[in-house]
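Reminder, nothing fancy here: chain letters follow the sequence lines and each chain counts from 1. This structure is a prediction, so every number in the text was calculated from the model and none was measured.
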Protein chains: 2
Amino acid sequence: MPKENKDYFAKTLEKGIRILNLFDENHPNWSLTEIAEQLKFNMTSAYRLVNTFVELGYLKKDHQSKRLRLGPMSFVLGNRLLYGFETNKLIEPLVDEIHSRHNISIDVTLFHSRQLVKVYRRETSNTLTYRQDAVSELLYCTASGKAVLAFLPAEKLNELIKSQSFTHRLENTITDVKVLHDDLERARQKGYALNNEEYINGLIAIAAPILGRPTKYPLGAVSFTSTTLDHTLAGFTEQYADVLCDLAKRLSDVCRGSDG
Amino acid sequence: MPKENKDYFAKTLEKGIRILNLFDENHPNWSLTEIAEQLKFNMTSAYRLVNTFVELGYLKKDHQSKRLRLGPMSFVLGNRLLYGFETNKLIEPLVDEIHSRHNISIDVTLFHSRQLVKVYRRETSNTLTYRQDAVSELLYCTASGKAVLAFLPAEKLNELIKSQSFTHRLENTITDVKVLHDDLERARQKGYALNNEEYINGLIAIAAPILGRPTKYPLGAVSFTSTTLDHTLAGFTEQYADVLCDLAKRLSDVCRGSDG
DNA sequence: TAAACTGGTTACCATTATAGTAACTAAAGT
DNA sequence: ACTTTAGTTACTATAATGGTAACCAGTTTA
């Protein structure tokens, strides 16, 4: 093992990328001060990074207000990243098929480091819905999070459990490590994890892991979600657990080779 | 004027972004060596930058082949950049309206530094079509390029003309600076520029600049394209020049305030 | 089977870039 | 006119990067 690779990580690049990530549909414009405060960068660094993006055309600075927006190069890069990400091409048809057959809300997330990254989502029509962040570190209180945790090697699992906040969100939220371990063991047995209103009031879900080949390392998860208005968790599980596990297996097939 | 801002430009960030830009639909995977060669980076730098992206989840390294692909975080960033780029929300309806009314191929490009960046395109149905890069430095042989050049301040114009290659692509390609200046003067008079098979055989186009307010600096251009199979350039101009100029004016209205 | 090769990874350190402080400027508010 | 605020620039100790070279693990070649 080398000396933990601190030499081969470009901090400046990471900081710049974090700035780009601030801009989205809901936050289309930022002032330099806002950026510096949000990311805890000092003004000079923020200025240098932002200025770089402005010169390259990724950000655009309004000459009057000095506020920043995405520039045309960001649009080009966005297209490249979106259409260059091949995994979705493999995932989408599998999910679409189940979605259209069962009219059910499906989320596919990929696991990276300590985060779940949403890469595809289909919603049921005519039901309540919710909006979640594209990137989430909440593993202990979501079905997908628990599906991944359950199939992680013990060492990594313990490391991640330590990093979870265990905020008591709702009545059913698991706040005890022992209880979580039991819950994960159950998931391991059954092949899928549950969310019984542990994260959002009225929201229930089942999720199965997407496992890499040949390592069986969890690469992500696929979840079906519903509400207590439409299903009991038991009924929902009864009805869809097999479909879920089958879909997870097929997603594992197409994601094979991208282990690690 | 400060000392040309070399202190406030983060080279590492630029290099990293150039790596991300290599990945698209047509080039979804790269080896480290390919990246280093393509961008003229030494291996260590390329390795450090790539490793940063891998750790952050923007790239994914196949453990066997070591080849790199986009990772899930790139997908998230791609979405943010695409939907956070507001300009398109303003441009699209205006272009769509003309497109559906006249069934004509329309391209909107924004000008940055020395490049034309394509941000929106609608094509006619049932005609030959062509595929162009999203970012182009060819200004002397395209209608949009000449539309921008024609309305640039003299100083910037001369700087850019020096940087053009004037490669003799086709019979009609302008390769003489004097001839180009005459052509631009004509465009300035009429308010729009022409492309008479100067870039692609059989391709004709007319383009008008998108001008910033209040500076009248060209922010980009909108072009209508057709082929010699469908129109003569004279007939095409006769039929559409007014529609084009009207659209350009309306695009200039919605792009106002983003001057510079 | 060994030798050569290839592509990737790591060590090391001179060179260069960055973070942080502080000074400065321009615009907005009082 | 004074104060405040946000952005920009100057300066320099500290930290990151680039470049060379060594190293390693697979592959190909002899």
Side-chain angles (χ1 to χ4, degrees), chain A residues 1-20 22-23 27 29-56 58-69 71 214-215 257-260, chain B residues 1-20 22-23 27 29-56 58-69 71 214-215 257-260:
Chain A
M1 187 69 72
K3 58 170 180 179
E4 272 316 319
N5 263 0
K6 276 179 64 180
D7 272 5
Y8 296 98
F9 186 88
K11 295 190 185 180
T12 307
L13 177 54
E14 182 194 21
K15 292 190 178 181
I17 294 290
R18 290 182 64 196
I19 290 181
L20 262 199
L22 293 176
F23 293 80
H27 312 87
N29 83 81
W30 293 76
S31 73
L32 186 60
T33 308
E34 285 167 358
I35 291 173
E37 280 176 359
Q38 177 76 32
L39 300 178
K40 309 268 167 58
F41 296 169
N42 73 64
M43 276 293 268
T44 306
S45 301
Y47 180 78
R48 183 184 287 113
L49 264 7
V50 161
N51 193 55
T52 304
F53 279 131
V54 170
E55 300 238 321
L56 295 175
Y58 291 89
L59 294 180
K60 202 161 185 356
K61 179 157 56 176
D62 186 291
H63 273 286
Q64 292 236 300
S65 69
K66 308 281 182 179
R67 291 187 76 84
L68 298 150
R69 297 173 176 280
T215 59
S258 46
D259 236 37
Chain B
M1 186 69 75
K3 57 170 179 177
E4 271 319 319
N5 264 0
K6 275 178 68 182
D7 274 4
Y8 296 98
F9 186 88
K11 296 186 185 181
T12 307
L13 177 55
E14 182 194 20
K15 292 191 176 182
I17 294 289
R18 290 183 63 195
I19 290 181
L20 263 200
L22 292 177
F23 292 80
H27 311 86
N29 83 81
W30 293 76
S31 74
L32 186 59
T33 308
E34 284 167 359
I35 291 174
E37 280 177 0
Q38 177 75 33
L39 300 177
K40 310 269 166 61
F41 296 169
N42 73 64
M43 276 293 268
T44 305
S45 302
Y47 180 77
R48 185 182 285 117
L49 264 6
V50 162
N51 193 55
T52 304
F53 279 130
V54 171
E55 301 239 320
L56 296 175
Y58 291 90
L59 294 180
K60 201 163 186 355
K61 178 157 55 179
D62 185 292
H63 273 288
Q64 294 236 300
S65 69
K66 309 281 182 178
R67 293 187 73 85
L68 299 150
R69 296 175 177 280
T215 59
S258 46
D259 236 36

Roughly, in whole Å, what's the span from [atom1] in [X] to [atom2] in [N]?
| X | N | atom1 | atom2 | answer |
| --- | --- | --- | --- | --- |
| A:Lys40 | C:dG20 | NZ | P | 13 Å |
| A:Lys66 | D:dG7 | NZ | P | 9 Å |
| A:Tyr47 | C:dG20 | OH | P | 18 Å |
| A:Leu32 | D:dT5 | CG | P | 16 Å |
| A:Ile35 | D:dG7 | CD1 | P | 9 Å |
| B:Asn51 | C:dT9 | CG | C1' | 10 Å |
| B:Asp62 | D:dG26 | CG | C1' | 14 Å |

message = For the backbone of A:Lys61 and the side chain of A:Arg69, can you confirm whether one donor and one acceptor N or O come within less than 3.5 Å of each other?
response = no
Check: B:Asn29 side chain, B:Leu68 main-chain N or O, donor-acceptor pair, under 3.5 Å =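 Checked: no pair found.
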key: Contact check, side chains of A:Leu49 and A:Ile35, non-hydrogen atoms, under 4.5 Å   =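 The answer is no; the side chains never approach within 4.5 Å.
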message = List the residues meeting side chain to side chain donor-acceptor pair (under 3.5 Å) with A:Ser45, not counting sequence neighbours, and say none if there are none.
response =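 Partners of A:Ser45 under the side chain to side chain donor-acceptor pair (under 3.5 Å) test: A:Asn42.
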Listed partners of A:Glu34 passing side chain to side chain donor-acceptor pair (under 3.5 Å), at least two apart =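 Side chain to side chain donor-acceptor pair (under 3.5 Å) list for A:Glu34, sorted by chain: A:Arg67.
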note = Taken in chain and number order and not counting sequence neighbours, the residues that satisfy side-chain contact (heavy atoms from CB on, under 4.5 Å) with A:Arg18 are A:Glu14, A:Leu39, A:Phe41
Any idea which heavy atoms bring [X] and [Y] closest together, and the distance?
| X | Y | value |
| --- | --- | --- |
| A:Tyr8 | B:Thr44 | CE2-CG2, 3.9 Å |
| A:Leu13 | B:Gly16 | CD1-CA, 3.7 Å |
| B:Leu32 | B:Met43 | CD2-CE, 4.0 Å |
| A:Tyr58 | B:Ile17 | OH-CG2, 3.2 Å |

task = Specify the angle, to 10°, made by the local axes at the two ends of the helix from C:dT1-D:dA30 to C:dT30-D:dA1 when five pairs are taken at each end.
result = 40°
remark   = Protein heavy-atom contacts under 4.0 Å, written 5' to 3' over nucleotides 12-21 of chain D as B (base), S (sugar-phosphate only) or - (none), form the string ----SSBBB-
inquiry  = What does the B/S/- profile of nucleotides 23-30 of chain C look like, 5' to 3', with a 4.0 Å heavy-atom cutoff to protein?
reply    = --------
ask   = If you measure from OG on A:Ser31 to CD on A:Gln38, what distance do you get to the nearest 0.5 Å?
value = 11.0 Å
